[in-house]
Structures are given as structure tokens and as C-alpha cells.
Amino acid sequence: MPKTPLSRAPTDGPPPRAEQAAWRRNLLLIILLLALWACAAFVPSYFAREWTGQILGWPFSFWMAAYGSPLAFLAIVGVYAWLMNRKPRRP
């Protein structure tokens, strides 16, 4: 069976430095985006009672929970997909 970059045998040794660096950058990106996700999920709900004001008769905190957080999650997924599509392709 021919070897491909994705089907490396365990006896081939450690991955090359370029692969390790790419994985490290990917891991840092994932950690950053997970931190943004946590902020988008927990910060608005923590401060929701302090935010007064109404939009179309509903409290502002309702709008943040109903529309703000899901839009932030979609934006985070979009940023990750866009950054992963920009990565150079290996032959």
C-alpha cells in the first residue's frame, strides 16, 4: 500500500517540524476561539440583569440571549472555516 502523508506508520518516527508547528498554530487558534465562545456564552448572561433598556418592548438582555450569542457562535465558526481554508494545501 503506498504511503500518503495521512497514513504514516507509527514506526516512521516523530512528525516533521513543519507539521508540529502547523498543529501548534491550529491548537492556539482553537484555544483562542474557544475563549471567545466562552465569553460570548457567559459574559452576556452574567451582566444581563444590569442591562436595562428595551428594544421593541423586550428587555435588552433578551435580545442579547436570543440573537447576540447565536450570531457570535456563527461568526466564530465562520472565522475558523475561513482561516482553515486559507491554509496552504500539501501535495
Side-chain angles (χ1 to χ4, degrees):
M1 176 159 76
K3 286 188 178 182
T4 63
L6 297 177
S7 65
R8 196 171 52 234
T11 58
D12 287 347
R17 287 186 184 264
E19 286 183 23
Q20 287 177 341
W23 174 245
R24 194 171 294 122
R25 284 191 304 271
N26 191 28
L27 192 59
L28 288 174
L29 175 65
I30 290 170
I31 290 169
L32 173 72
L33 292 177
L34 279 175
L36 285 173
W37 170 81
C39 288
F42 298 114
V43 170
S45 62
Y46 183 76
F47 292 108
R49 291 180 191 239
E50 297 175 13
W51 290 336
T52 58
Q54 294 191 355
I55 299 175
L56 300 174
W58 291 86
F60 180 69
S61 58
F62 167 79
W63 291 104
M64 285 300 296
Y67 296 106
S69 293
L71 288 175
F73 300 154
L74 287 175
I76 290 169
V77 170
V79 166
Y80 182 75
W82 179 70
L83 288 173
M84 289 297 107
N85 283 333
R86 289 185 58 214
K87 290 178 88 171
R89 304 265 188 246
R90 287 182 36 181

Between W23 and L27, is a side-chain contact (heavy atoms from CB on, under 4.5 Å) present by the stated rule, with each step listed? CA-CA 6 Å; W23 174 245; L27 192 59; 4.2 Å; yes
What distance do Y80 atom OH and N26 atom CG have between them, rounded to the nearest 0.5 Å? 4.0 Å
What one should report as the nearest heavy-atom pair of A40 and S69 is O-OG, 3.1 Å
Cluster overlap M84 with L28, hydrophobic side-chain contacts below 4.5 Å: no
Geometric class of the W37/F42 ring pair [parallel <30°, tilted 30-60°, perpendicular >60°]: perpendicular
Quick one: CG on L34 to CG on L29, what's the gap to the nearest 0.5 Å? 9.5 Å
Honestly curious: do L32 and L83 fall in one hydrophobic cluster under the side-chain, below-4.5 Å linking rule? no
Hydrophobic cluster identity match, W82 and L36, side-chain contacts under 4.5 Å: yes
